[in-house]
Structure formats: C-alpha cells, structure tokens
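See below for the structure under consideration.
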Amino acid sequence: MPTITVDGKEIEVEAGLTVLQACELAGAEIPRFCYHERLSIAGNCRMCLVEMEKSPKPIASCAMPVAEGMVLHTNTPTVKKAREGVMEFLLINHPLDCPICDQGGECDLQDQAMAYGVDTSRYEENKRAVEEKYMGPLIKTIMTRCIHCTRCVRFSTEVAGVEEIGAIGRGEDMEITTYLEQAVHSELSGNVIDLCPVGALTSKPYAFSARPWELRKTESVDVMDAVGSAIRVDSRGREVMRVLPRLHEDVNEEWISDKARFACDGLSRQRLDRPYLRVDGQLKPVSWDDALGAVAQKLKSISGDKVAAIAGDQVCVESMKSLKDLWGVLDSPHLDCRQEGTPLGGARSTYLFNTTIAGLEEADAFLLIGTNPRWEAPVLNARIRKAYLERGVPIGLIGAQADLTYPFDHLGAGTQTLQEIANGQHSFAKTLKDAERPVLILGPGALTGFDAKAVLTLAAKVAVETGMLAGEWNGFNVLHHAASRVGGLDVGFVPGTQGRDTVGILDGCQNGDIELVYLLGADEFAGQGDKAATFGDAFVVYQGSHGDKGAHVADVILPGAAYTEKHAFWVNTEGRVQEGKAASFPPGEAREDWKIIRAMSAVLGKPLPYDTLAQLRSDLIGIHAHFGVIDEITQGSAEDIRSLANRAVGSLSGDAFGLPFTDYYLTNPIARASQTMAECSALSAARQTGEKVTGTHG
C-alpha cells in the first residue's frame, strides 16, 4: 500500500485509488463537477486540480492514480488561483438563472462558485445560447446551463445501459443531446437529474412547484417494487412534492427507478377520502360507523368458512398482521397475500433473494427464469449489468425475450429448457457448474401456471445440481415484484388448513362457497370484468387508498392510508426488514389500515389485543423475532432449498413463461392514478409500435 503526504499529513492508502480519493481520506475537501464515484473518470471539468511536488503544473486529481511517495498540496495559492480560473471559465457562458432555476438551493455550481470562485469576470463577450432538447415527459432541459461534465452521458451508457444521450459538436459548439431528439428510453432515466451538478437537467413534473427550503424531508422506503429502495419523501403540507433517492450501498446504492421517483403525483389523485356503502347498486358516502357496522353485520351473519381475505401488492406488514389476527378470531382459513397465484411459502429461504442484491456483484454466472428484471426491479437489473461490465459474466434467460440492457443467451421459453438444465442435458448447465458463484433468479412469470410448484422444485434442483449452494454462497433467488409479498409470507398471510388461495377464493365466489371477500389493497386481479364475473354474488369489502379496480367492484369501501402517510414495516425481496415513515397524513376521513381493522374488531365485539402501533409491533416481534432488527437480513437455510429439490417434480405444461405485467409504468393503484406515469406509458406504447413521438422542449 503506497504512502503519500497530503498537506503535510502522511497517510497510507490502497493501491489503485485516485489522488482525489486519497486526499479526501486525508480530510482534504476537493471540489469536482465531472467526477462521480460510480461513473468512469472523464477528467474534463478540471475543478479538482491540486499541486503535486515535482509536477510543473497542477494535476487533475480525479484522473491521477496514487503512487508511492507522492507529496500533495490542496490549499496553496497556486491551487486557489487554478480553481478560480477554472470556475471563471465555467461561468463564461452560464446564464444568470439562479432566481428562477429549479436547481437553486441544491446546485453544486452555485455552492462551489461561492466557495472557490471570484466575484468578478474578465469576459465581456456575449454568452452562447443552446436550444433546449426533448428528453421525454420526465426530464426538463435548459441546456444553456450545461457545463459539459458528461455525467448524464456516462450514467446512461454505463449504469442504465441505454446509449441515447451523448455529445455532438466540439469546443464552443459542443452540446449534450439525445441523438434523435427522442425520449430517453430507460426505467432509471430520472437519476440524471440528481447527477446533473447544474440546472441543465431538472425534473419536468416538479418544475416550478416548490423550493427545497419549503419542503419537509422524510426518510422512507419505496414500495413501487420489491427492492425496497431507500428514498427521501419531500412534502409541503399534505402534498408529496417529490421523491428522491437516499444512499444505501446494500440495496439501491444511490439510484431509484423512474416509477419510484415520478409516480408520487398519483398520491393526490383518485384518492378514497371517506367510507362508501353500495345502496341500490350505487356507492354512496356514509359515516365510519355505518360502514363498519355494515361489514360487521355481514360478518356476524356468515360462518368463518365462508369469508376470505386477499392482501394487495403494497400493503404493509402491520396491516396484514392485524387482518390475519381478525381472520383467526373469525376462524377463517381463507386468506392469501399472493395475488398473482404463486405457490410460494413455507421455509423462508425458498422465497427469498438469498444472494442479496449487493451479492450479485460477486456472481460469475446468471440464469434468469421467467423474469424481466429491467421491469420488475430496475435498480437490481443495474447490479446485474455491473457484474457483466466488470467481468463479462455469462447470462442465460428462460422466458420471454426482452431488452435487459446487457447481452444474454436466450436458452428457451419455458419448462422444457428448465428441465434440461436440471437434468444436466443443456449446455448452460455446464456453464453454471464451472462457475464458482453461479446465481439463479426465479421470477413470478414462471410461478403462475398450474405447474408452478413443479417449476419451483425444478429451480431448486438446478441450484443443487449446479453447485449454487456451496459453503456460505446461496445462489437460489426468488425475485418478487410486489413490496408486500415477502412481509405477507413472513407473517403467514397464506391459506391455513383446508384454506383457499387466491384462485380458490375467486372460484368459491363463483359457486357460492365464499360469501364475503375482504380486499386489503388488492387490485391486480379484480375488475377484469364486471363484479358478477369476478366475485359472483359475494359481498366485497375493499380497504385501500385509491379508487382503483378493487374499489369499483366493492359493496363497502374503507379509505386507507398510502405508503407515505403511515409508519409501517415492509420486507424487501432479499428479506430485509425496512421501516417507512409518514411524510404526510391521509386525506379526509381516511385512516391507517391497521387502525381500521382494529376498529372493526371492536364493532364485532372481538377486539384485537393492541390499541397502539407500538403494541401491535411488540406482538409482531414476539411471534416473528426478525422484525425487531431493522435494515438487517435474516437468512434462511440452504437445507430447506435442498429439501425442496428432493420433492417429486410432477407434471409440466410445457408452456412458455409469461410476465407478471406488460406495462412497467402502470403496475399498481398509485402508478395508475399518476398523470406522469400515464404519459410514460403512452410514450412506451408508441415506441413499441414504431410510432414517431415528438414532444415539447424544456
């Protein structure tokens, strides 16, 4: 390890670090615009200049590797003068937009001009102007402000895997643009807004809505997919103004998906803000007493074996725990949190992403089964791309063809190929066996047919036969797309003895065996046809935040809180318990979900044994201890996967694996209520049909 001297302080650093990184380890502050820890080095802004002994001129610290015996100075008059000169150059063409710039108050250029710049300029020539570029409905461009740091170019090429942003022209005529002036086609495109150190790229939906100092900032977790990205929710009053990423190295690094970032306008649209009761075929607003009384009266008149409950994709753990407790009081075994109909459950390791998200970077071979991680978990997909870029790992896909942003071998469409790999008859089986740390990712698209249990068993056989369960390495992974799924499986929100799953509940509604269905935020199966076609004559209670598919078929609607309006637990796909915080409060008469269920139990005369959230969580942790450790993963046992592999496979359909959804932007009630997501969906559909899409600049 080389030893260097920084401002008279001798330190030992790792070989391969840059001078900039070494100086910061020594406690020196180095300004920069183009340099970013997660992107390749460009070295084109020159703001990070430092003085190195025996060098005739200041060096760009971001592009210079450390070497033994280096003596560096970061605060000499020469360095100060060099930085002032660079800042003067950067501001030659920069417009005086600070009073109206959306980046004001959060602008790196503004901050560093104050810290390292001078208060005058020697340039009197006219500033250049650059035409605005169209980058879609999410990114607003004011390219006259651009300082050509190329962070957006490098992110789109290296992390997002979409080579649609680049530079044209040279010198004074250089411009950053999408080459064909089309929208950026990436599920991670919004991250260039955070990366831009000036106001050249800003959020189009958020533009001119608020100033950063007006907003209350709340740390929470994203529920648009099962990754559980760390986010910051910025709110003003009751309204959520924007969602930004938080740094979490083990989950999302510092990126979030476009749906996590931009679907927040759906939180204020199509909201359920009062209870409703269907009277003479029409839903009419009623009081809480009337709504709860109607449900309680119906429950009292039906035996427990004729009532059922289904939990949706964004429901928190506390809500499912309280509803499960109520169903236990009613002696009903019919409950399910698996809307899509997967057979997952039982031993924890058989439904978790065991490798962990960060662990994907150590994998040296991937087998994707019935999944499109670019849609189901864009941030996780970026980890797979990183592994490919760094080590060129082989990737095989069984299922629907897709553009995953990295090359892969399409091995087949369905169960036949999976069986060949499990039996060692396919060439990719050898690829997995030869790898030291192979990984299998099983998506929900492979687990929804009548042969889903057989597919799950086959996947476990592949993991065992190809050496994915070796030592501490566990390469068997289930990739969920719903934020509530792992939490629901953890608390046992699945059918009890002789209980019905989602498909069985719907069948029971048709034949009269189920007379009441309680939909806890469940929307993804309901409303496909009319009420009669979906639920027969069953009495439907819908509890949720939005007037979506489930609410349309309900006889009673109980308005609940959205994820930004309550303190709650979720568990991400790798089994990490995460806590979301309330950034605002529910609209109108809406209430937190667990409180609604607790109130209903009281009306039934069978009150649940907790009155506060703390008491509910204490009861939860007493039964499931891992909920007492926030932001930690409780691993399952690889032996459970081996036991799963030893089961009889059963019959296979031979059908091709599908996907859990066909439109990335409209997968849940909040996204479907979002005007921004609707625009993105329309743009994506037009792109797939080859229709030319044009938009307004800026």
Side-chain angles (χ1 to χ4, degrees), residues 220-230 248-253 311 313-321 324 337-338 340 342-363 371 373 376-377 379-381 383-384 437 439-444 447 456 459-460 463 468-469 471-494 563 568-580 617 620-644:
S220 190
V221 294
D222 172 51
V223 301
M224 294 294 151
D225 56 35
V227 172
S229 299
H248 196 308
E249 294 289 355
D250 292 333
V251 180
N252 60 301
E253 298 179 300
D313 289 351
Q314 296 180 311
V315 181
C316 64
V317 171
E318 292 88 345
S319 304
M320 288 185 282
K321 166 72 166 63
K324 184 193 176 192
C337 65
R338 304 162 301 184
E340 71 277 17
T342 63
L344 298 170
R348 202 162 188 257
S349 60
T350 62
Y351 61 80
L352 287 187
F353 202 92
N354 296 289
T355 303
T356 73
I357 297 171
L360 290 177
E361 296 185 24
E362 301 176 27
T371 181
E376 294 159 26
V379 173
L380 183 147
N381 192 60
R383 295 267 193 178
I384 301 176
R437 294 189 170 183
V439 158
L440 172 156
I441 300 178
L442 183 62
L447 296 173
L456 183 61
M468 292 183 182
L469 310 177
E472 296 183 358
W473 181 257
N474 189 334
F476 180 85
N477 301 293
V478 176
L479 177 59
H480 297 273
H481 67 90
S484 66
R485 197 68 76 245
V486 175
L489 295 172
D490 278 355
V491 300
F493 202 95
V494 292
Y563 75 103
F569 288 157
W570 282 270
V571 187
N572 77 345
T573 192
E574 59 183 351
R576 184 186 302 272
V577 178
Q578 299 173 299
E579 185 175 15
R617 286 183 173 177
L620 173 68
I621 294 169
I623 302 171
H624 309 284
H626 66 278
F627 283 101
V629 186
I630 305 300
D631 202 35
E632 295 290 337
I633 299 174
T634 302
Q635 295 280 11
S637 171
E639 291 305 314
D640 293 323
I641 301 171
R642 291 191 173 93
S643 298
L644 176 61

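The structure displayed is predicted, hence computed values, not measured ones.
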Side chain to side chain donor-acceptor pair (under 3.5 Å) against Arg485, all qualifying residues, sequence neighbours excluded
Asp313, Glu340
Any Ile384 side-chain heavy atom under 4.5 Å of Ile441 side chain
yes
Taking the side chain as C-beta and beyond, is there a heavy-atom pair between His480 and Leu489 under 4.5 Å?
yes
Just so I know, are the side chains of Phe476 and Met468 near enough to count as touching, which here means a heavy-atom distance under 4.5 Å?
no
Side chain proximity check, Leu620 to Phe569, heavy atoms < 4.5 angstrom:
yes
Do Arg617's NZ or CZ and the ring of Phe627 fall within the cation-pi criteria of under 6.0 Å and 45°?
no
Which heavy atom of Asn252 sits nearest to which heavy atom of Ser229, and what is that distance?
CB-OG, 3.6 Å
How close do Lys324 and Gly492 get, heavy atom to heavy atom, and via which atoms?
CE-O, 3.5 Å
Side-chain (Asn381) to main-chain (Pro373) donor-acceptor, under 3.5 angstrom
no
Which residue pairs pass the salt bridge (Lys or Arg N to Asp or Glu O under 4.0 Å) test with at least one member in residues 471-481, sequence neighbours excluded?
none
Using the side-chain contact (heavy atoms from CB on, under 4.5 Å) definition, which of the options Val478, Asn572, Leu380 pairs with Phe353?
Leu380
Can you measure from CE (Met320) to OG (Ser484) and round to the nearest 0.5 angstrom?
5.0 Å
Non-hydrogen atoms of Ala363 and Val439 that approach each other most closely:
CB-CG2, 3.5 Å
Is Thr356 close to Gln635 at the side-chain level, that is, under 4.5 Å between some pair of heavy atoms?
yes
Using a 3.5 Å distance criterion without hydrogens, assess whether the side chain of Arg642 forms a donor-acceptor pair with backbone atoms of Leu469.
yes
I need the single residue from Leu344, Leu479, Leu447, Thr342 that forms a side-chain contact (heavy atoms from CB on, under 4.5 Å) with Leu442. Which is it?
Leu447
Note: Ser637 and Ser349 closest approach over all heavy atoms is O-OG, 2.6 Å
For the student: nearest non-hydrogen atoms of Ala568 and Cys316, plus distance:
CB-CB, 3.5 Å
Output, in order, the C-alpha distance, side-chain angles, deciding distance and verdict of side-chain contact (heavy atoms from CB on, under 4.5 Å) for Ile641 and Asn354.
CA-CA 11 Å; Ile641 301 171; Asn354 296 289; 3.9 Å; yes
Check whether Thr355 reaches the backbone of Asn474 with its side chain - one donor and one acceptor, N or O, closer than 3.5 Å.
yes
So, Thr350 versus Asp640: side-chain donor-acceptor pair below 3.5 Å or not?
no
Between Val251 and Glu574, does the side-chain contact (heavy atoms from CB on, under 4.5 Å) criterion hold? Intermediate values first, please.
CA-CA 9 Å; Val251 180; Glu574 59 183 351; 3.8 Å; yes
May I ask you to test the Arg576-Asp631 pair for a side-chain heavy-atom distance under 4.5 Å?
yes
Residue pairs involving residues 342-352 (criterion salt bridge (Lys or Arg N to Asp or Glu O under 4.0 Å); sequence neighbours excluded):
Arg348-Asp490
Taking C-beta and beyond as the side chain, do Glu376 and Asp225 meet within less than 4.5 Å on heavy atoms?
no
Less than 4.5 Å apart, side chain to side chain, heavy atoms only: is that true for His624 and Val317?
no
Restricting to non-hydrogen atoms, name the atom on Val227 and the atom on Ala377 that form the minimum distance, rounded to 0.1 Å.
CG2-CB, 3.5 Å
Under 4.0 Å between a side-chain nitrogen and a carboxylate oxygen: does that hold for Lys321 and Glu318?
no
Does the plane of the ring in Tyr563 sit parallel, tilted or perpendicular to the ring in Trp570? Use 30° and 60° as the thresholds.
perpendicular
